[in-house]
S.K.: 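Once you've had a glance at the structure underneath, I'll fire off some questions.
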Amino acid sequence: MRSHYCGQLNSSLLDREVELCGWVHKRRDHGGIIFIDLRDREGIAQIVFDPDRPEPFAIADSVRNEYVLRITGKIRQRPEGTMNKDLPTGEIEVLAQTIEILNKARTPPFQLDDENVADDTRLRYRYIDLRRPQMLHNMRLRARVARILRNYLDEKGFIEIETPMLTKATPEGARDYLVPSRTHAGSFFALPQSPQLFKQLLMMSGMDRYYQIVRCFRDEDLRADRQPEFTQLDIETSFMDETQITAIMEEMIIKLFKEAIDADLPTPFSRMTYAEAIYRFGNDRPDLRNPLELTEVSDLMKEVEFKVFSGPATMPDGRVAALRVPGGAKLSRKEIDDYTNYVANFGARGLAYIKVNDINAGTEGLQSPVLKFLPESIIKLLLERTTAQTGDLIFFGADKARVVNDALGALRNRLAADMNLLQGQWRPLWIVDFPMFEYNEDEKRWDALHHPFTAPQVNTTAELEADPGQCLSRAYDLVLNGIEMGGGSVRINTPDMQRTALRLLGIDDQAADEKFGFLINALDYGCPPHGGIAFGLDRLVMMMTGSDSIRDVIAFPKTQTASCPLTSAPSPASPKQLRELGIKLAKLPKQE
RNA sequence: GGAGUGGUAGUUCAGUUGGUUAGAAUGCUGCCCUGUCACGGCAGAGGUCGCGGGUUCGAGUCCCGUCCACUCCGCCA
């Protein structure tokens, strides 16, 4: 039916007869001559219809945008002065001999070259949206990424193994998507949040190296970089420690970026402890392209009269930190107010600042509502420590450390975006030495920072129990330009340690047996030391394509309320289906 | 659960202090046009102003409720 793709035509094919199939991208009718830009997945070719051939000419006259055509014709050089440098096929054109309308098309709901179409319109007509070259490119890059990863892991001896989609609900973590069981009425499967336990079991089976490109499901609210179903590159190995695992993964990511988009990541990747990341950036996934850093000033503020600063400075869980913004003195009152409102999102009750109009003029050169509350000696130390220069602005956060870190960490990102501060292209970073647990104030118990199967850096249960809050884990995250690309850990591999870890999370032995008994049992039947990692494939592709939204790298994504405008999913179940499943609705859905 | 922004022609948007027949661009339809590629020219069609209620002589505009989309907080081991 077709001899070439439209986009493959070039002057090496001069005088060749070709057969093309594709969509009418654009028709230009000059009365005596008609041009049709025919589009397929490889590109666009210009087809010329000459009135010398009345029959094809009449058909070309009748076609409309997005009609599907088959055309035969002869490749020829375009006349002098009519070549199009913007088109890869712009040196040549196809003089049409025959044209067949394979299918008509209604007028598309939006123009393919319109870059600014509302998301729900695009999603309702996703099959048209995906015709756009950018979307096609994203899908193909995604396929290339998956292929490169498979090739690499296959070379390294990893075995691709599928794990169940219908599985057991896990109590920790995100909300599960539940699937009712017909044969066990009243019982439910859960769709996997990740294949975590299965991949550990595969290590106990002696598979040694496993990977899977796998869909995961989490029923939580959506964001620009979060979908309810998303794809992970999931990996697990036996007999490797964290140094070896991160090394082999680093090699994989470097190779991936090189082969997929010809990007050279700086090597070796930076490494930073969790504590250092929080201290310097207020955040455990800092964007290292951003030069702004927090400056610790708690010690300077302990004695000052100003309660807003001295209070947090003397609280055990308080923090006072400064954020110097080079050139920030030019920010207007309104801009500063906007930032104050912004940090209020993160619990900050205010945003103190000092404008440095002239660093050499002492207090006279400064401008700030809080200046009068601070002794001159402290101000001097402050300026030294923040290395403030004329023209800078210094923001302050003073509150519980958590609030200061969240607020100034977010402000740091916001300022970099607003003031165009990002430097360099790619800044990968391993974050290591995570705490095992963080205390959950609401539930009055420990939460796992990573997950309940992560090994601690101590070897005995006694050491872990002695001071859980201080215990570090053998977890690692890979952060790229401020986005968490992946994370993993070395796992617990003895029943004792696993039970202890679960107990600290408020899961007693009986509950542990009910929920994870199969895992704990397996740990007792010859479990190798093992660990792994999972990468967010969608986010990787999103970064590589420079997309603002994860939806642009997923063929059929969901909206922010987790619905699909194309299929109208989710939709009510029929009474018959519900009866078979033994389900009665507490509240009937609204009638359409 | 919360904060914000938006919803007007197929699409992207404008719409003043509440006041006559709701506009623009693009797309669409018809006619004209033999070298265009954002083709051009002329003419034309196209509106439940998201939905429901209220205020008013009068509502796209004001008020209340509601739905949808997007961004963010909470949430996401």
Side-chain angles (χ1 to χ4, degrees), chain A residues 25-38 44-52 57 61 64-66 78-87 89-90 93 95 106-125 128 170-176 193-194 196-197 216-228 230 338 341-348 406-407 410 413-414 434 436-438 440 442 446-454 473 475 484 487-489 501-502 505 507 534 536 548-549 551 558-561 563 565 590 592:
Chain A
H25 192 64
K26 198 82 194 186
R27 190 178 67 105
R28 289 179 297 281
D29 183 351
H30 288 248
I33 186 169
I34 297 172
F35 300 101
I36 289 177
D37 288 341
L38 196 66
I44 285 173
Q46 174 166 285
I47 320 293
V48 189
F49 293 84
D50 194 289
D52 293 355
F57 189 86
D61 193 51
R64 295 294 180 266
N65 282 346
E66 300 305 315
R78 293 200 192 182
E80 199 60 36
T82 65
M83 293 180 185
N84 185 346
K85 287 190 192 67
D86 299 330
L87 206 63
T89 60
E93 62 191 10
L95 179 63
R106 289 167 61 186
T107 303
F110 50 86
Q111 289 157 256
L112 294 191
D113 56 2
D114 190 343
E115 296 290 322
N116 186 26
V117 180
D119 259 61
D120 53 341
T121 309
R122 290 176 57 193
L123 290 187
R124 184 168 320 122
Y125 299 98
I128 296 171
T170 48
E172 294 263 334
R175 198 176 290 118
D176 286 311
Q193 296 179 26
S194 85
Q196 181 61 36
L197 298 181
C216 301
F217 305 86
R218 294 178 189 175
D219 186 6
E220 298 292 350
D221 287 341
L222 282 72
R223 290 286 188 281
D225 63 351
R226 261 163 43 186
Q227 281 276 305
F230 61 99
D338 283 347
N341 288 333
Y342 180 65
V343 296
N345 278 328
F346 303 89
D406 285 354
N413 289 336
R414 173 80 190 270
F434 284 86
M436 274 294 278
F437 307 105
E438 66 187 343
N440 184 329
D442 299 335
W446 296 104
D447 276 347
L449 206 72
H450 193 57
H451 60 53
F453 316 104
T454 299
S473 77
E484 184 192 328
S489 61
L502 290 172
L505 296 170
I507 301 172
D548 293 327
S549 165
R551 293 184 296 276
K558 306 275 189 290
T559 67
Q560 194 162 38
T561 52
S563 68
K590 284 179 207 152
E592 296 275 325

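Just so we're on the same page: letters track the sequence lines, and every chain starts at 1.
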S.K.: Look at A/Arg64 and B/G30 and indicate whether a side-chain polar atom (N or O) is within less than 4.0 Å of OP1 or OP2.
M.R.: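 The answer is yes; a side-chain N or O of A/Arg64 sits under 4.0 Å from OP1 or OP2.
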
S.K.: Counting only side-chain nitrogens and oxygens, does A/Ser563 get under 4.0 Å of the OP1 or OP2 atom of B/A69?
M.R.: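 Yes, because at least one side-chain N or O of A/Ser563 sits under 4.0 Å from OP1 or OP2 of B/A69.
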
S.K.: With a non-hydrogen cut-off below 4.0 angstrom, is A/Ser194 in contact with a base, only sugar-phosphate, or nothing?
M.R.: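 Answer is base: heavy atoms of A/Ser194 come under 4.0 Å of a base.
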
S.K.: Ignoring backbone atoms, establish whether A/Arg106 has a side-chain N or O less than 4.0 Å from OP1 or OP2 of B/C28.
M.R.: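 No.
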
S.K.: Closest nucleotide of RNA chain B for A/Thr121 versus for A/Asp225: which of these residues is on the 5' side?
M.R.: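 This one resolves to A/Thr121.
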
S.K.: Do any side-chain nitrogens or oxygens of A/Asn65 fall under 4.0 Å of OP1 or OP2 in B/G27?
M.R.: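 Answer no for this pair, as no side-chain N or O of A/Asn65 is under 4.0 Å from OP1 or OP2.
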
S.K.: List the protein contact pattern of nucleotides 31-42 of chain B with one symbol per nucleotide (5' to 3'): B for base contact, S for sugar-phosphate-only contact, - for none; contact means a heavy-atom distance under 4.0 Å.
M.R.: --BBBBB-B---

S.K.: Taking only Lys NZ, Arg NE, NH1 and NH2, and the carboxylate oxygens of Asp or Glu, determine whether A/Asp221 and A/Arg226 approach each other closer than 4.0 Å.
M.R.: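 No.
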
S.K.: Between B/C62 and B/C72, how far apart are the C1' atoms? Round to whole Å, please.
M.R.: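 Here B/C72 and B/C62 have their C1' atoms 29 Å from each other.
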
S.K.: Spell out yes or no: do the side chain of A/Arg226 and the base of B/C75 have one donor N/O and one acceptor N/O closer than 3.5 Å?
M.R.: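 A donor-acceptor contact between them is present.
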
S.K.: Taking B/C76 as the reference, what is the distance to B/G4 when you measure between their P atoms (whole Å, please)?
M.R.: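 That atom pair is separated by 24 Å.
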
S.K.: On the side chain of A/Arg218, is there an atom forming a donor-acceptor pair with the base of B/C76 - under 3.5 Å, no angle test?
M.R.: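 Side chain to base: no pair below 3.5 Å.
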
